[in-house]
Protein chains: 2
Amino acid sequence: MPIPYDARGVTLDGPCLQSAGCKNVAPVLNRVGDKWSMLIVMILSSGPRRFSELKREIDGISQRMLTLSLRGLERDGLLTRTVTPTIPPRVDYELTELGISLRAPVKALGDWAIEHIGCIRAAQQRFDKVADARG
Amino acid sequence: MPIPYDARGVTLDGPCLQSAGCKNVAPVLNRVGDKWSMLIVMILSSGPRRFSELKREIDGISQRMLTLSLRGLERDGLLTRTVTPTIPPRVDYELTELGISLRAPVKALGDWAIEHIGCIRAAQQRFDKVADARG
DNA sequence: CGGAATCCCAGGAGATACTG
DNA sequence: CAGTATCTCCTGGGATTCCG
């Protein structure tokens, strides 16, 4: 069994063994936790979209943040950007295989969230109530 | 009296529309994407820890961020905080059932990350190379 | 020991204006 | 249409100090 590609350059020493895998997971978690990226992935999972279509579908996103989010996703290889140099220009965004494969774990997380959101909100309200009571 | 930590920062009533579950998922995604929270959950999944133990095990975290992360997780009902008023005081953190249940989907995401990190890094390098070539 | 309070700064993110 | 550029405001987060 060869050394996995993703194990290269990772120091396994240190007090926390999880931190080794963590260094790999962190950037992914960072993108997943991004305010817009996963929403974009979910929207694109139902088919490719143009820039303006995405902007219209994602309420509240600024043009700048949509551009930056799409660039980040493209850089990570999660989607492709296809420019059609017509006038006016047309740009289509589409998930790659990698992007599609991310749907499953993200959906798992989403399902967990939906299943437990009631429990979480209750905990938050209890917490805030106690915090308020103490000033 | 203002709420100190970003406790109330989780807006559950944002303008997130098309998929109704999105507004439920967003705050959870926010916590999962947090730089330290999931690492804390993973460490605590092997048993409860004291504050200073966590600080020692999590390389690079500041005292402030550890405190804030733990408060956020406690507020969400993912862990419990137990104070033992000895001198010097002792505080233990332990996952709740809810916190333990979060491990599975987070691990799924972590596994995906580890499995595809090579692919992602390659995509990033291709992207950066092209970007550099164009200045 | 386990925080809370304060200071301070880099980076994130909105608004606006311009361009191929 | 699909961006870039710039400006500015705001927040996250490190460092430090003080407290029960």
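Proteins come first, then strands; the chains are lettered A, B, ... in the order of their sequence lines, and each starts at number 1. Because only heavy atoms are used, hydrogens play no part in the values below, and waters and symmetry mates are left out as well, while side chains stay in.
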Do [X] and [Y] come within less than 4.5 Å of each other through their side chains, counting heavy atoms only?
{"X": "A:S45", "Y": "A:L95", "value": "yes"}
{"X": "A:L66", "Y": "A:W36", "value": "no"}
{"X": "B:S101", "Y": "A:W112", "value": "yes"}

Decide, yes or no, whether a salt bridge links B:R49 with B:D92 under the criterion of side-chain N to carboxylate O below 4.0 Å.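 Judged by the 4.0 Å cut-off on N to carboxylate O distance, B:R49 and B:D92 do not form a salt bridge.
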Check every atom of [options] against the side chain of [X] and return the nucleotide holding the closest atom.
{"X": "B:P88", "options": "C:dG3, D:dT4, C:dC1", "value": "C:dC1"}
{"X": "A:Q63", "options": "C:dG3, D:dC1, D:dG3", "value": "D:dG3"}
{"X": "A:F51", "options": "C:dG2, D:dG3, C:dG14", "value": "D:dG3"}
{"X": "B:M65", "options": "C:dG14, D:dG14, D:dA2", "value": "D:dG14"}

Separation of [N] [atom2] from [X] [atom1] (nearest whole Å):
{"X": "B:N30", "N": "C:dG12", "atom1": "CG", "atom2": "C1'", "answer": "14 Å"}
{"X": "B:K55", "N": "C:dG3", "atom1": "NZ", "atom2": "P", "answer": "13 Å"}
{"X": "B:L66", "N": "D:dG14", "atom1": "CG", "atom2": "P", "answer": "11 Å"}
{"X": "A:R49", "N": "D:dA2", "atom1": "CZ", "atom2": "P", "answer": "14 Å"}
{"X": "B:L70", "N": "C:dC1", "atom1": "CG", "atom2": "P", "answer": "17 Å"}
{"X": "A:D34", "N": "D:dG12", "atom1": "CG", "atom2": "C1'", "answer": "15 Å"}
{"X": "B:K35", "N": "C:dG11", "atom1": "NZ", "atom2": "P", "answer": "12 Å"}
{"X": "A:L68", "N": "C:dG12", "atom1": "CG", "atom2": "P", "answer": "9 Å"}

Go nucleotide by nucleotide along DNA chain D from the 5' end; which of B:I61 and A:R50 gets its closest nucleotide reached first?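 With B:I61 and A:R50 compared, the 5'-side residue is A:R50.
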Does B:S52 put a side-chain nitrogen or oxygen below 4.0 Å from OP1 or OP2 of C:dG2?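 Yes.
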Can you check whether B:R71 has a side-chain N or O nearer than 4.0 Å to OP1 or OP2 of C:dG3?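 Answer is yes, contact under 4.0 Å.
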Out of A:T96, A:L68, A:V41, A:T80, which one pairs with A:L73 under the side chain to side chain contact (heavy atoms under 4.5 Å, CB included) rule?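 The side chain to side chain contact (heavy atoms under 4.5 Å, CB included) with A:L73 is passed solely by A:V41 among A:T96, A:L68, A:V41, A:T80.
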Mind checking if A:R64 touches a base, just sugar-phosphate, or nothing, with heavy atoms under 4.0 Å?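 Result for A:R64 = base.
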